[in-house]
Participant: 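Dropping a structure here in structure tokens format, bear with me for questions.
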Amino acid sequence: MPKKTEILTKEYFDATLETKLDSKLEQKLSPFREDIRKIYDTLDWLVGAFKKFDEEHTFHSSRIYGHEEQLENHEVRIGVLEKKAT
């Protein structure tokens with residue numbers, strides 16, 4: 001801290017102001033740190049759940065597509081058998 005007789009420099013003023021602002025900001029934000037952590041934890045869980053859902057959806061979609069082809073094949077074969085039976 002400069003003596004009263006010294007000239008206040010811009011650099012000293014800026015550094016002091018920044019330090020005080022950082023301190024005030026930290027004091028204001030500290031009560032919200034736990035809430036912010038909970039929000040991040042929840043977002044992490046949601047992203048993980050979405051990725052898992054997306055992977056399962058992709059797997060089941062491919063399985064359904066395979067079953068559709070199999071059903072179409074059965075329909076053709078049953079149609080042929082019904083024609084022979086009549």
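This chain uses plain numbering: 1 for the first residue, then up along the sequence. Keep in mind that what you see is a predicted model, and the values were worked out from it rather than measured.
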Participant: List for me each residue that meets side-chain contact (heavy atoms from CB on, under 4.5 Å) alongside L17, sequence neighbours excluded, and say none if there are none.
Facilitator: F13, L21
Participant: Indicate yes or no for a side-chain donor-acceptor contact from T58 to the backbone of D54 under 3.5 Å, with no hydrogens or angles considered.
Facilitator: yes
Participant: List in chain and number order the residues that pass side chain to side chain donor-acceptor pair (under 3.5 Å) with D14, two or more places apart in sequence or in another chain; answer none if no residue qualifies.
Facilitator: K10
Participant: From S62 OG over to H57 NE2, what is the distance, rounded to the nearest 0.5 angstrom?
Facilitator: 10.0 Å
Participant: In residues 41-51, what donor-acceptor pairs under 3.5 Å come from side-chain atoms, sequence neighbours left out?
Facilitator:
from: D41; atom 1: OD2; to: R37; atom 2: NH1; distance (Å): 2.5
from: T42; atom 1: OG1; to: K38; atom 2: O; distance (Å): 2.9

Participant: How would you list, by chain and number, every residue that makes a side chain to side chain donor-acceptor pair (under 3.5 Å) with E26, sequence neighbours excluded?
Facilitator: R33
Participant: Tell me which pairs pass salt bridge (Lys or Arg N to Asp or Glu O under 4.0 Å) where either residue lies in residues 77-86, with sequence neighbours left out.
Facilitator: none
Participant: Does Q27 CD have over 12 foreign heavy atoms under 6.0 Å away?
Facilitator: yes
Participant: Show me, pair by pair, the donor-acceptor contacts under 3.5 angstrom made by side chains of residues 64-74, not counting sequence neighbours?
Facilitator:
from: Y65; atom 1: OH; to: E69; atom 2: OE2; distance (Å): 2.9

Participant: Hey, what do you get for CG (L29) to CG (D22), rounding to the nearest 0.5 Å?
Facilitator: 10.5 Å
